[in-house]
*Asks:* 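Below is one structure. I have some questions about it.
Convention: sequence-line order gives letters A, B, ...; per-chain numbering from 1.
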Number of protein chains: 2
Amino acid sequence: MMKSSAEQAAIEKRLKAAGVRPTAQRIALARFLLNGADHPTAEDVKKWADENFPKMSLATVYNTLALLVRAKLIKEVKLPHTSRVIYDDRVSAHYHFLDEKSGKIYDVDPSEVEVKPRLKKNASVRGVEVLLRGRWESESRQIRERRGKTHVQ
Amino acid sequence: MMKSSAEQAAIEKRLKAAGVRPTAQRIALARFLLNGADHPTAEDVKKWADENFPKMSLATVYNTLALLVRAKLIKEVKLPHTSRVIYDDRVSAHYHFLDEKSGKIYDVDPSEVEVKPRLKKNASVRGVEVLLRGRWESESRQIRERRGKTHVQ
DNA sequence: TTCTAAATTTAGAACTATTCTATATATGAT
DNA sequence: ATCATATATAGAATAGTTCTAAATTTAGAA
């Protein structure tokens, strides 16, 4: 793990480079969002803040999330399985995979899914969003067999 | 256009076949949803009801939408450009196209978009959702030229 | 028909996630 | 240190949906 102070300095640099004034609250949140959080919701971010920063308000969490999105340091992701917005530190275009067992979201590189629209209609496609659903960790044979077996009393 | 009474009878039949008791409210809403509405939101449906059915409550609109979804007569669609749920009378698997100019949603048959996941990770994909964004009606050359031209005083 | 039990509809309260508002606090430039 | 501006704060407001409890309607029995 990176030393906390060095990490803070690096984050501060990234904020400045993106035109965001590095206040204490912003550095703390950016550190969480850019080095550690895994597709958190605003609620997840607030929870982290409550445990790691004194008296940060929910408004600051939302303000900062919006600011970091505008600065292109994080991306807003809206997926159909929840009404909560998810924040993603991967800012380049990519797709998502929803593990239906755990509810976890995984990023998928566009190169890993071939998408070729061949619309009958003469429309111009300017963007593509893809959500894959399934099991991210495929079950081992042993686990599958155990699950399949009826419990014997 | 189909004669209203015949249409009602047909709708009533479909509701019964799907195991839904055909009350007056349900017949009216199903008629709108299955023959005429184009990806309406709950608000659109309520608005139609206010203009075409006496005193229907918002709760009935939501109850009936949920009921028709459970009965697989319509499908719930959640898209990232709005926080409102959209209802679709096409119930088989398909993709969507968002016209970014009009905000309108169009259904796209899965045969019209080739999607081939080739994940590095050994995951099992059980479903794919695709949203295309762009212009559904591609502009004619004339319109494009007119739009491009600076207005001369 | 009338009665009755269950299903449905209703109005409005409650809820969730987010945005807004007004005030207080902190910051950087002078 | 002062001042103007930016930021942070608590809480109110909002949007969309779901819940609750009471009233109404329905289908079937008597």
*Asks:* Please name the nucleotide paired to dA1(D) by Watson-Crick or G-U wobble geometry with both distances under 3.5 Å, or report none.
*Replies:*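 The base-pairing partner of dA1(D), which may sit in any strand shown, is dT30(C).
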
*Asks:* Could you list the residues that satisfy ring pair (Phe, Tyr, Trp, His ring centres under 6.0 Å) with Trp136(B), not counting sequence neighbours?
*Replies:*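 Residues passing ring pair (Phe, Tyr, Trp, His ring centres under 6.0 Å) with Trp136(B): Phe97(B), Tyr106(B).
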
*Asks:* Whole-Å distance between dA11(C) P and Lys46(B) NZ?
*Replies:*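 Those two atoms, NZ and P, are 8 Å apart.
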
*Asks:* Could you state the NZ-C1' distance from Lys16(B) to dT26(D), rounded to the nearest angstrom?
*Replies:*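 So the two atoms are 14 Å apart, to the nearest Å.
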
*Asks:* For each nucleotide in nucleotides 14-30 of chain C, reading 5' to 3', give B when a protein heavy atom comes within less than 4.0 Å of its base, S when such contact involves only the sugar-phosphate, and - otherwise.
*Replies:* ---SBBB----------

*Asks:* Mind calculating the distance between CZ (Phe53(A)) and P (dT7(D)) to the nearest angstrom?
*Replies:*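 Computing the Phe53(A):CZ to dT7(D):P distance gives 15 Å.
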
*Asks:* Given a cutoff of under 4.5 Å between side-chain heavy atoms of I, L, V, M, F, W and Y, with clusters grown through shared members, what are the other residues clustered with Val91(B)?
*Replies:*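 Noted: Val91(B) shares its cluster with no other residue.
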
*Asks:* Using the ring-ring contact (aromatic ring centres under 6.0 Å, His included) rule, collect all pairs that involve residues 61-92 of chain A, keeping only residues at least two apart or in two chains.
*Replies:*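 Sorted result for residues 61-92 of chain A: empty, none.
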
*Asks:* Between Lys116(A) and Glu114(A), is there a salt bridge with N-O shorter than 4.0 Å?
*Replies:* yes

*Asks:* Between dA7(C) atom C1' and Leu67(B) atom CG, what is the distance in whole Å?
*Replies:* 11 Å

*Asks:* dT25(D), OP1 or OP2 - any side-chain N/O from Gln25(B) closer than 4.0 Å?
*Replies:*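 Gln25(B) to dT25(D) OP1/OP2: no side-chain N or O under 4.0 Å.
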
*Asks:* Give me each pair satisfying salt bridge (charged side-chain N to carboxylate O under 4.0 Å, His left out) with a member in residues 10-30 of chain B, each pair once, sequence neighbours excluded.
*Replies:*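 For residues 10-30 of chain B: Glu12(B)-Lys16(B).
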
*Asks:* Residues in ring pair (Phe, Tyr, Trp, His ring centres under 6.0 Å) with Phe32(A), at least two apart?
*Replies:* Trp48(A)

*Asks:* Without decimals, in angstroms, what is the distance between Asp50(B) CG and dT10(C) C1'?
*Replies:* 14 Å

*Asks:* Taking only N and O in the side chain of Thr60(A), is any of them less than 4.0 Å away from OP1 or OP2 of dT9(D)?
*Replies:* yes

*Asks:* Mind calculating the distance between NZ (Lys55(B)) and C1' (dT25(D)) to the nearest angstrom?
*Replies:*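 That distance rounds to 15 Å.
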
*Asks:* Write down the distance between CZ (Arg26(B)) and P (dA7(C)), rounded to a whole number of angstrom.
*Replies:*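 To the nearest whole Å, that distance equals 11 Å.
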
